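Fair warning: this is a prediction, and the values are worked out from it, not measured in the lab. Count residues from 1 along the sequence.
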Amino acid sequence: MNTDKTHTILRILDANLNRLQEGIRVVEDIFRYVYDNKEITYTLKQMRHKAILQHTDLLLQARDVECDIAKGSIDTEIERLDLAAILHANFHRICESARVLEECLKLKEYQKFGKSQTFKSLRYEAYNLHVIANKIVDNACK
C-alpha cells in the first residue's frame with residue numbers, strides 16, 4: 001500500500017473524516033449550547049462516535065496540509081449571516097464528506113478502513129436531522 005494512488009486515497013479518507021467529524025461537532029455544539037436540545041445533541045454525539053475509520057495511523061501518515069492546494073477559504077466561507085447559515089453549511093459538509101467516505105470505502109483495497117454502509121447511514125441520518133433542525137431553528141426565530 002505505498003503507491004501514489006494509495007497515498008492519494010488515504011488523503012481523501014483523512015480529509016473527509018475530519019470534515020465529517022468537525023461538521024457534526026459544530027452542529028452538536030449549537031444544539032447543545034444555543035438551543036439546549038438534548039435529543040438532537042445526543043443524536044449528533046452518537047453520529048460522531050460512529051464516524052470513525054480504522055488504521056488512523058496510516059491516514060495520519062498520508063496527511064499533507066502544506067501541499068493541500070485548496071486549504072484556503074473562498075469568500076462564501078469567510079462570513080456567515082447567522083447561526084442558521086452555520087447550521088446549513090455544516091449539515092452540507094456532513095452529508096458531502098459522508099458521501100465521499102461512502103464511495104471511497106467501496107473500493108476493495110480500502111474496505112479495511114471501514115464500511116461504506118456506515119457512512120451511507122450517517123449521510124441519510126444527517127439528511128433527516130437537517131430537516132428537523134431547520135424546523136427548530138425556524139420556530140426559535142418566531
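Taking both residues in full, the closest heavy atoms of Ala98 and Arg123 are given as CB-CB, 3.9 Å, listed atom of the first, atom of the second, then distance. Summarising the geometry of Lys112 relative to Leu58, their closest heavy-atom pair is NZ-CD1, 4.0 Å, with the distance given to 0.1 Å. Nearest approach of Leu13 to Cys104, heavy atoms of both residues: CD2-CB, 3.8 Å. Heavy-atom minimum distance, Leu17 versus Ala51: CD1-O, 3.3 Å. Across Leu10 and Leu59, no two heavy atoms sit closer than the pair O-CD2, 3.7 Å.
Every side-chain hydrogen bond (donor to acceptor under 3.5 Å, both in side chains) that His88 has, sequence neighbours left out, goes to His92, His130. By the side-chain contact (heavy atoms from CB on, under 4.5 Å) test, Asn128 pairs with no residue at all, sequence neighbours left out. In terms of the ring pair (Phe, Tyr, Trp, His ring centres under 6.0 Å) criterion, residue partners of Tyr124 (sequence neighbours excluded) are, by chain and number, Tyr127. Partners of Ala89 according to the side-chain contact (heavy atoms from CB on, under 4.5 Å) rule, which considers only residues two or more places apart in sequence or in another chain, are Arg80. Not a single ring pair (Phe, Tyr, Trp, His ring centres under 6.0 Å) links Phe119 to another residue, sequence neighbours left out. Applying the side-chain contact (heavy atoms from CB on, under 4.5 Å) rule to Gln117 yields the partners Lys120, Ser121; only residues at least two apart in sequence or on another chain are considered. Every side-chain contact (heavy atoms from CB on, under 4.5 Å) that Asn18 has, sequence neighbours left out, goes to Asp14, Gln21, Glu22, Arg63. For Arg99, the side-chain hydrogen bond (donor to acceptor under 3.5 Å, both in side chains) partners are Glu103, not counting sequence neighbours.
Annotation: the span from Ile136 atom CD1 to Phe31 atom CZ amounts to 5.0 Å, rounded to 0.5 Å. Taken from CG in Asn37 to CD1 in Ile30, the straight-line distance is 12.5 Å, to the nearest 0.5 Å. Residue Arg93 holds its CZ atom at 5.5 Å from CG of Asn90, rounded to the nearest 0.5 Å. Atom CG of residue Leu129 and atom CD1 of residue Ile94 lie 8.0 Å apart, to the nearest 0.5 angstrom.
Tracing side-chain contacts under 4.5 Å through hydrophobic residues (I, L, V, M, F, W, Y), one never reaches Ile52 starting from Ile12; they form parts of separate clusters. Using a 4.5 Å cut-off between side-chain heavy atoms of Ile, Leu, Val, Met, Phe, Trp and Tyr, with links allowed through other members, Leu105 and Leu107 fall into the same hydrophobic cluster. In the hydrophobic clustering of this structure, Tyr42 does not group with Met47; members are Ile, Leu, Val, Met, Phe, Trp, Tyr whose side-chain heavy atoms approach within less than 4.5 Å, directly or through other members.
Pairs passing the salt bridge (charged side-chain N to carboxylate O under 4.0 Å, His left out) check and including a residue from residues 36-60, sequence neighbours excluded, read Glu28-Arg48, Lys50-Glu125.
Checking Leu122, Leu20, Thr118 one by one against Leu101, the side chain to side chain contact (heavy atoms under 4.5 Å, CB included) holds for a single residue, Leu20.
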